[in-house]
Amino acid sequence: MLNNNITSLRGISTKRAALYKKLGINTVRDLIYHFPRGYIDFTQPVKINSAKLGEACVVKAEVIKKLKPIYTANRLSIYKAVLSDGESEFISVFFNSEYSFNKLLPGKTYLFYGKAGGSELLREITSPIFIEENAENLLVPRYRLTAGLTQVMIANNLKLILPSYDEEDILSQDVLEEFGLFDKRTAIQKIHFPPSLGESEAAKRRLAFEELLILQLGMTMLKKRNRKLTGTLMKAQDLSTFYAALPFEPTGAQKRAVGEAVSDMQNTTPMNRLLQGDVGSGKTMVAAALCYFAHRNGFQSVFMAPTELLAAQHANTLHKFLEPLGISVVLLTGSLSAAEKREVKARIASGEASVIAGTQALIQKGVEFQSLGFVVTDEQHRFGVNQRGILASKGENPHTLVMSATPIPRTLALIIYGDLDISLLDEMPAGRIPINTYSVDTSFRERLYKFILKQAAPPINGQSYIVCPVIGDEESNLNEKAYAVNYYNELSSTFLRDINVRLLHGRMKQAEKDAVMEGFKNGEITVLISTTVIEVGIDVPAATVMLIEGAERFGLSQLHQLRGRVGRGEKQSYCILVTDSDSAYTKARLETMTKTSNGFEVANEDLKLRGPGDFFGEKQHGLPELKMADLSGDVSLVNETRALAERLLDRIDEPEHAGLKARINELFSGVSEHGFN
């Protein structure tokens, strides 16, 4: 039944099924797991005159009379009824909702939920949801909707199928009793139609517990599966020569991270470590030290980045660190000519090239290593777990390091990167000048453009980024491009016409994008007007201004990443967030940006405000979705399920956990095509 198409249910036509599909609901299971975002609590009604105008309220009222409908010239139908709460009369107003209006019966008493409107003399309640005063459920679920679907439709469809819902409980009776959890059937019933708020919270806890247990057990099993014996066992080496050759003094955090990794690389199981550090914290130096360590042990290292430009930048940095020590660094990308590729591949296969930087070209067939012992991937969540595995398969279980400049709260990092150990770079190198961050409205635009011109002039000779947000629906790159193009055309012909301004957007061919970024990096372009394609980016020391239009449209962590594109040189840099939004939510978010430049503080605030589902702006490849768990608020639940996952790891093959193991295999199919065996 659960896997049946929802059109198999009574009352769901193909037309309604098409609406459900917009919400990602195709099967009966999808509908059952379309959990409420919250509830309308009808248990605390107030008198209409005590409700604040413009705020939602619940009022218990009798229908005194129904007025004649009003039909406007633009085909709007307005239905009104006179209600009384025992103290005063007021009006209920429905727009284009004859069905709801017809359900109201004069003389009957209902509980109404809606916004209090009208005036102090005559109150109104607009487009109310209502239930009978003696209704069985006084907590009414509120679901995510799409145009054409209503809360009542979804609730009615669920009421038809929940009585026959009887999915096997994948948590054993022992686990349910130990943690005081509802069984699955009870939890599903009470999350949709709870008799009380307490029971809805208990149902949410049960479902969140299962999600977190599956995720943490799955990641722990993945970690265990990766702990095969390595064919690249390394011995201790003296790193003093490497450190002495550096043009700066490494931070304590950098040395600590190198020490943690070097210790791992001397174990019989391969290192699997996440190196997490803010923009500019010196992650590439740590990777270079480990490449040096691998080289001294007779092994090759490979460094994979998400774009050709970033791969080239890493190759250049590694070259500066390692070539003086006699270590050969090469670059392999898709844009090399056939002859160049043959030459680079030959140097890799022979072992002449000790350190290889590149893009996904590194995981293609025909790339053979003589002795691959160490793998680095940059911005791992942009690749997906499988690609890391493909690269590692080119050696004998080599040691792997994942680098991320996206600061992730530790709780979330332990979930998302549960198969990795974690090293943190929580110190910034000496001499980094903090970036001044400001939030302004669009009335400042002309002053901002003058400021950019001032930065571009001697003696500063600074470059600027101007970032345009996505406009329109999430999937429309065309809208993003159109906005950026219009913005570029206007600025380059008016305020910034006397300097070199170029445009960069996601619809351009990769070669065009690379050429523009190369021109910006080389100082040939003074102002780069761009969509968010520069978020993970290139080191441009002369860039001193990051101007972000429509800042309210970006997540905090994304804003922080964009801010990190400037402040890489010796001159004072600025990040300016432009928004006309006056919402308290936007103000709180942007205030965080102006108050702190610490990426981990920003990330923690982002997680609190947006939740884990939106944290990266895109779903983690291959990892199951969390529908109920709140990683920022359910810290105790995260800890409970982590401890239980560790206990269950050696018992997962017992018959009572068969359903749990099967569910993990199903949900982690994107991580391992063979499942966990």
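Numbers here are sequence positions counted from 1. As the structure is a prediction and not an experimental result, all values here were calculated from the model. Heavy atoms only: backbone and side chains are in, while hydrogens, waters and symmetry mates are out.
A heavy-atom distance below 4.5 Å is found between the side chains of Y143 and P36. With contacts defined as side-chain heavy-atom distances shorter than 4.5 Å, the pair L274/S404 qualifies. No side-chain heavy atom of L425 sits less than 4.5 Å from a side-chain heavy atom of Q276. By the 4.5 Å heavy-atom criterion applied to side chains, N26 and Y20 are not counted as neighbours. The closest side-chain heavy-atom distance from R642 to N639 is below 4.5 Å. Looking only at side-chain heavy atoms (C-beta outward), E167 and R185 stay at 4.5 Å or farther from each other. Put simply, the side chain of L213 reaches to within 4.5 Å of the side chain of L171, judged on heavy atoms. Within the 4.5 Å cutoff, the side chain of L401 has no heavy atoms near those of the V375 side chain.
Nearest heavy atom pair, residue F182 against residue A202, reads CE1-CB, 3.4 Å. Taking both residues in full, the closest heavy atoms of I6 and I12 are given as O-CB, 3.5 Å, listed atom of the first, atom of the second, then distance. Annotation for A287 and F303: closest pair CB-CE1, 3.7 Å, computed over non-hydrogen atoms. Closest non-hydrogen pair, K103 versus Y110, comes out as O-OH, 3.4 Å. Closest of all the heavy-atom pairs between I131 and N137 is CD1-O, 3.8 Å. Residues Q151 and L145 approach most closely at NE2-CD1, 3.5 Å, considering heavy atoms.
Applying salt bridge (charged side-chain N to carboxylate O under 4.0 Å, His left out) to E210 and the options K184, R663, K627, K204 leaves one that passes, K184. Considering L138, V59, L111 in turn, L111 is the only one that fulfils the side-chain contact (heavy atoms from CB on, under 4.5 Å) rule with P45. With K190 as reference, P195 is the one residue of S200, P195, S196 to meet the side-chain contact (heavy atoms from CB on, under 4.5 Å) rule.
The residues D41 and R142 are annotated as not salt-bridged, no charged nitrogen and carboxylate oxygen being separated by less than 4.0 angstrom. Under 4.0 Å is where a charged nitrogen must lie from a carboxylate oxygen, and between E552 and R589 no such pair does. Taking a cutoff of 4.0 Å between a charged side-chain nitrogen and a carboxylate oxygen, D30 and K21 do not qualify as a salt bridge. The residues R273 and D264 are annotated as salt-bridged, a charged nitrogen and a carboxylate oxygen being separated by less than 4.0 angstrom. By the 4.0 Å N-to-carboxylate-O rule, R647 lies close enough to E178 to be salt-bridged with it.
Residue E199 places its CD atom among more than 12 non-hydrogen atoms of other residues, nucleotides or ligands, all under 6.0 Å distant.
Not a single side-chain hydrogen bond (donor to acceptor under 3.5 Å, both in side chains) links S8 to another residue, sequence neighbours left out.
Atoms CG and OG, from L660 and S172 in turn, are 8.5 Å apart once rounded to the nearest 0.5 Å. A distance of 9.0 Å separates CG of D421 from CD of E260, quoted to the nearest 0.5 Å. Interatomic distance, L648 CG to Q216 CD, rounded to the nearest 0.5 Å: 11.5 Å. With rounding to the nearest 0.5 angstrom, the CE atom of M304 is 8.5 Å from the OG1 atom of T359. One finds the OG atom of S423 at 12.5 Å from the NZ atom of K283 (value rounded to the nearest 0.5 Å).
The closest donor-acceptor contact from the side chain of K394 to the backbone of V367 lies under 3.5 Å. At least one donor-acceptor pair closer than 3.5 Å links the side chain of T596 to the backbone N or O of N598. Distance alone, capped at 3.5 Å, places no donor-acceptor pair between the H192 side chain and the L162 backbone. Looking at T641, its side chain does come within 3.5 Å of a backbone N or O of V638 through a donor-acceptor pair. Of the possible polar contacts, one joining the Y39 side chain to the I191 backbone as a donor-acceptor pair under 3.5 Å is found.
D183 and T186 share a donor-acceptor pair across their side chains, judged by distance under 3.5 Å alone. Between the side chains of T7 and N5, at least one donor-acceptor pair of N or O atoms lies under 3.5 Å. A donor and an acceptor atom, one from each side chain of T400 and N272, are located under 3.5 Å apart.
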Would Q173 and L176 count as a side chain to side chain contact (heavy atoms under 4.5 Å, CB included) here? Give the steps. CA-CA 5 Å; Q173 192 60 37; L176 296 179; 4.0 Å; yes
Passes salt bridge (charged side-chain N to carboxylate O under 4.0 Å, His left out), E133 versus K60? Steps please. CA-CA 7 Å; E133 63 173 327; K60 183 178 179 180; 3.4 Å; yes
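Taking the six-membered ring wherever Trp is involved, the centroid distance between the rings of H399 and F374 does not fall below 6.0 Å. Ring-centre distance between F179 and F209: below the 6.0 Å cut-off.
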